[in-house]
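Notes to accompany the following structure.
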Amino acid sequence: MSKSFSSIEEAFAWFLDNVYKNLPADEKKGELVSAWRSFTFNQGISQKRMISILERYGFDVKILVTYKK
């Protein structure tokens, strides 16, 4: 299954709803639970941290920037 997202935040939200919640309890520790809490409660999480987690769980992250004069 291939799915595309328009932003890192959208992809991370999808990851939390569809991958994270189905992980075994012993995997939802430390960095992952901290990232979930930071994102869910708008406490601030960097795109770099989200990308790192997404890539670890099989996401291919590419950032596209287009300048239109």
Side-chain angles (χ1 to χ4, degrees):
M1 176 181 100
S2 182
K3 186 158 180 60
S4 295
F5 304 93
S6 61
S7 70
I8 301 300
E9 291 77 12
E10 180 186 352
F12 199 72
W14 186 91
F15 163 78
L16 291 176
D17 287 341
N18 295 280
V19 177
Y20 174 79
K21 73 177 185 179
N22 295 315
L23 292 174
D26 64 324
E27 202 169 333
K28 293 182 191 177
K29 291 182 180 176
E31 182 192 14
L32 275 183
V33 75
S34 172
W36 168 83
R37 189 178 299 115
S38 294
F39 186 84
T40 303
F41 298 106
N42 297 315
Q43 296 173 339
I45 179 172
S46 71
Q47 282 193 345
K48 183 177 178 180
R49 187 168 166 211
M50 287 187 275
I51 290 169
S52 172
I53 292 168
L54 291 172
E55 289 178 336
R56 201 174 326 144
Y57 285 90
F59 287 74
D60 182 22
V61 179
K62 291 181 175 60
I63 298 174
L64 173 65
V65 178
T66 305
Y67 171 72
K68 295 182 181 180
K69 192 172 177 182

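All residue numbers refer to positions in the sequence shown, counting from 1.
Listed here is the closest heavy atom pair of Asn18 and Asn22: O-ND2, 3.0 Å. When all heavy atoms are compared, the tightest approach of Arg49 to Ala35 is NH2-N, 3.1 Å. The shortest heavy-atom contact between Lys21 and Asp17 is CE-O, 2.6 Å. The shortest heavy-atom contact between Val33 and Lys28 is CB-O, 3.8 Å. What you find for Met50 and Ile8 is that their closest heavy atoms are CB-CG2, 3.8 Å.
When the side chains of ILVMFWY residues are joined at heavy-atom separations under 4.5 Å, either directly or via intervening members, Leu54 and Leu64 end up in two distinct hydrophobic clusters. Taken together through direct or relayed side-chain contacts under 4.5 Å among Ile, Leu, Val, Met, Phe, Trp and Tyr, Ile63 and Tyr67 form parts of separate hydrophobic clusters.
Distance alone, capped at 3.5 Å, is enough to place a donor-acceptor pair between the Ser38 side chain and the Ser34 backbone.
To the nearest 0.5 Å, atoms CD1 (Ile45) and CZ (Arg37) are separated by 11.5 Å. If you take OG on Ser7 and CD on Gln47, they are separated by 8.0 Å, rounding to the nearest 0.5 Å.
Using a 30° and 60° split on the angle between ring planes, Tyr57 and Phe15 fall in the tilted class, from 30° to 60°.
Ring to ring, Phe41 and Trp36 are close: their centroids are under 6.0 angstrom apart.
Here the side chains of Ile53 and Tyr20 are not in contact, with every heavy-atom distance at 4.5 Å or above. Taking 4.5 Å as the limit, some side-chain heavy atom of Trp14 sits within range of a side-chain heavy atom of Phe59.
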